[in-house]
2 protein chains.
Amino acid sequence: MKARNGRGRSGAGRYRSPGTNSGVMEEGNKITINDVAKAAGVSKGTVDRVLHDRGEVSQKSREKILKVIKELGYRPNFYASILASRKNYLISCIIPEFNNGEFWELTEKGIDQGREYAGRFGISINAVLYDQYDLESFQDACEKVLASRPSGVVIAPMFRNETLKFVKELTENHIPYVYIDSKLEDDGYLAYYGMPMYQSGYLCADILTDGRDVRKVHVIRIARDKRGLSDPTLTRRTGLVDYISEHYPDCDVENTFIDPKSREERYRKLDEMFASDPDPDKYIVMCNSRVHFVAEYLRDRGIRSCRVVGFDVLEKNVSALKDGYVQALIAQHSDRQAASAITAITDYLILHSGPQKKDNYTQMDILNKYNCDYYL
Amino acid sequence: MKARNGRGRSGAGRYRSPGTNSGVMEEGNKITINDVAKAAGVSKGTVDRVLHDRGEVSQKSREKILKVIKELGYRPNFYASILASRKNYLISCIIPEFNNGEFWELTEKGIDQGREYAGRFGISINAVLYDQYDLESFQDACEKVLASRPSGVVIAPMFRNETLKFVKELTENHIPYVYIDSKLEDDGYLAYYGMPMYQSGYLCADILTDGRDVRKVHVIRIARDKRGLSDPTLTRRTGLVDYISEHYPDCDVENTFIDPKSREERYRKLDEMFASDPDPDKYIVMCNSRVHFVAEYLRDRGIRSCRVVGFDVLEKNVSALKDGYVQALIAQHSDRQAASAITAITDYLILHSGPQKKDNYTQMDILNKYNCDYYL
DNA sequence: TATTTTTCCGTTACCGCACACGGAATTAAA
DNA sequence: TTTAATTCCGTGTGCGGTAACGGAAAAATA
């Protein structure tokens, strides 16, 4: 059981022992723009011009400089760069508005985290919220963002066509954008951070059924009049249904629609559901973030015989988990998605490097009453 | 459902509308050292002296400058700072050595992530490995690290007494250090990143038993001659046992010791275990990262009737999960722990700010065959 | 060929900070 | 009082870039 490599044992410490050029530390790269200029026989102004494609450089010099840059392995020092060019980068985030305790609040938290990171590089972040049920407000938001001439955009798309129109404009203005939550089928985006929706439904079904003898699964859904707006949880429901029909061919999947705005209405619907089927051991799923609606009902009715699975780490959901009205929660960490999105754009602006992966499917964490405390 | 705040709707874009002083953006802080100097009626050299406690400043000037700094809310620009002071910060990490596919490899991955972050701030990272079963090699490592005069240290402690001695020296030299994986009872550390061990055992038992009628739980352990070295999984086992005795008072917990170095020996022990108890439906737990040993055995023996739970996202463990020889894995993401540790020290060195929380218990992710793909 | 335009490039002044250097003012020693 | 030692502080240079400015060389036009 020897050390796999000698890194620790040898040069212990000194981060660049003189004469050593082992690439391990990759930090000794002290080649400056002046070195490049000298080696290319030009002035640093010229080098800077090719570095930023500012033109006014002869083809010959340009090639020479590019060659030298590659040979020397020159990489600009971005402290100096940021210091000298006092640009005001701005990244705008377009997300649905929300009330306290709702899903998109998590995303905003992530934006705050991202702001902290970006702030270190002199990049500011602003969030533009829109009503996810109101097309016009979305268009409004897009216009405002465009008007603010951002250096990058993070967007959680809800309206397909309008979003496509919007990102087309971004592309024309060479503004990089990254999708969070869900993405569209264009491929001009810099990156995407979201949950694998189909798989999350599949996973959810597995946790719900858990090898038991399940005859019926109740899917509770939000009654909404969708007017061309995309429902991201649709795919999730497909995954759920697929799992059931693969593993429990005789199991029914029944939909119940509830109203997010009226508690009485919800109770009535759920009462009906329970009345229609005498078996008190029910398997219940909610594919969006509002499983706390179900938990609230169960708590009030004193029903503890159901197995309930939901999504997302909302405070209300977690407390339902702790109280035992919900057995498991699947978390997608939309905060981390937002933060990663901002980080990706920041790095793109500062380091001129794209993210390693374009499509990033964040992990699906399974929470139960014993580990939920550690998810904030 | 109106926007919770008007941020998005109002100033849409402009990152600092003139006249607005809302702290939200916290970026507009353009007060330089020169502004401070002017306001205090001294030169920037003097301001610099008090900023760095370099002395040679009269009490009177010092106080005045400090006052002005506070009043103006001056915060140094750390690009300029790093650029001007070409210091060579070094963070050393002391962790156990490992072979490919073993637990500590994850930690090293995290160190690499941390290196990328720290590298941006001109900070280099080096890793010093030690044999976790050899006290002397640990002492060796500590000495080497001390000799390299690091600006900060990350340490995964295995030997209690020696570690305490070591961190005492660090403290004397004003070198900040952070614990990962486990921590000791001193409190001079800058931060700690690790898993809540007791809770992880408790959680593990919950997942293993899963509401079933469990009569006996088999805990597989590594036979090791411990000579005063601390076993971090001990606490985990305690949590496990506590859960069982709380929820399954009639359930036995039986230990089986296997040898990590000899497969035959392992098979023999496990054969014995299966022979001793005719019931093929066994509940098996391994409290360290090597549940793949059990999976390997089950695969070879063609046994599929057991419920097995283990820890950590090693490649072998994940494939056992996929193949169905292990039902669940609890992940502690030691990579993230290491990366966070490095980030914490980096921020401390650059921003002079400690981490928000000193003790950070990372989340315990539950992996099964349907979500494991998204954990790398 | 003389003049204008275009193309291309070097020079230079910062950006905000760190730190060396040298000098004025004050105090101690002679 | 003269000289030496302290104490305190301002100035200046450079870190590695950015970008404005102006001018020389080459090309186009007269």
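Naming convention: chains lettered A, B, ... in sequence-line order (proteins, then strands); numbering from 1 in each chain.
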Q) Which nucleotide sits closest to the side chain of B:Thr32: C:dA20, C:dG16, D:dG16? A) C:dG16

Q) Taking CG from B:Asn34 and C1' from C:dA18, how many angstroms apart are they, rounded to a whole number? A) 13 Å

Q.
I'd like to know if the side chain of B:Ser81 reaches the main chain of B:Asn77, judged simply by a donor and an acceptor atom lying under 3.5 Å from each other, with no hydrogens or angles considered.
A. no

Q. If each of B:Thr46 and B:Ala84 is mapped to the nucleotide of DNA chain D with the nearest heavy atom, which maps nearer the 5' terminus, i.e. the 5' end?
A. B:Thr46

Q: Give a yes/no on whether any side-chain N or O of B:Ser81 is located under 4.0 angstrom from OP1 or OP2 of C:dA18.
A: yes

Q.
Using whole Å, what does the distance between atom P of nucleotide C:dC15 and atom CD1 of B:Ile33 come to?
A. 14 Å

Q: Answer yes or no: is there a donor N or O on one side and an acceptor on the other, between the side chain of B:Arg62 and the main chain of B:Val57, under 3.5 Å?
A: no

Q: Could you label the plane-to-plane angle of the A:Phe121 and A:Phe78 rings as parallel, tilted or perpendicular, counting under 30° as parallel and over 60° as perpendicular?
A: tilted

**Q.** Presence of donor-acceptor pair under 3.5 Å, side chain of B:Lys44 and base of C:dG16
**A.** no

**Q.** First encountered from the 5' end of DNA chain C, between B:Arg49 and B:Ala80
**A.** B:Ala80

Q.
Tell me the interatomic distance from A:Leu83, atom CG, to C:dA13, atom P, rounded to whole angstroms.
A. 18 Å

**Q.** Within residues 52-62 of chain A: residues closer than 4.0 Å to DNA chain C (heavy atoms)
**A.** A:Glu56, A:Val57, A:Ser58, A:Ser61

Q.
Applying a 4.0 Å non-hydrogen cut-off, can you work out what A:Asn77 is touching in the nucleic acid: base, sugar-phosphate, or nothing?
A. sugar-phosphate

(Q) Treating A:Thr362 as the side-chain partner and A:Gly194 as the backbone partner, does any N or O pair qualify as donor plus acceptor under 3.5 Å? (A) yes

(Q) Could you tell me how far apart A:Ile82 (CD1) and D:dC15 (C1') are, to the nearest whole angstrom? (A) 15 Å

Q | Rounded interatomic separation in angstrom, taking CD1 from B:Ile31 and P from C:dC15 | A | 16 Å

(Q) Any donor-acceptor pair under 3.5 Å linking the side-chain atoms of A:Gln59 with those of A:Glu63? (A) yes

Q. Quick one: does A:Lys358's side chain have a donor or acceptor within less than 3.5 Å of a partner on A:Asp187's backbone?
A. yes

(Q) Please check: side-chain N/O of A:Ser92 versus main-chain N/O of A:Ala127, any donor-acceptor pairing under 3.5 Å? (A) no

(Q) Just to verify, what does A:Tyr189 make a ring pair (Phe, Tyr, Trp, His ring centres under 6.0 Å) with, not counting sequence neighbours? (A) A:Tyr179

Q) Does A:Ser85 have a side-chain nitrogen or oxygen under 4.0 Å from the phosphate oxygens OP1 or OP2 of D:dT18? A) no

Q | B:Asn173 (side chain) donor-acceptor with B:Ile175 (main chain) under 3.5 angstrom | A | no

Q) Tell me: CZ of A:Phe78 to P of D:dC15, nearest whole Å? A) 19 Å

Q) Using the C1' atoms of the five pairs at each end, what is the angle between the end axes of the helix from C:dT1-D:dA30 to C:dA30-D:dT1, to 10°? A) 60°

Q. Got a second to check how far B:Ser334's OG is from B:Glu108's CD, nearest 0.5 Å?
A. 11.5 Å

Q: Figure out the CD1/P separation between B:Ile350 and C:dC17, and round it to whole Å.
A: 15 Å

Q.
Between C1' on D:dC9 and CG on B:Asp48, what's the gap in Å once rounded to a whole number?
A. 12 Å

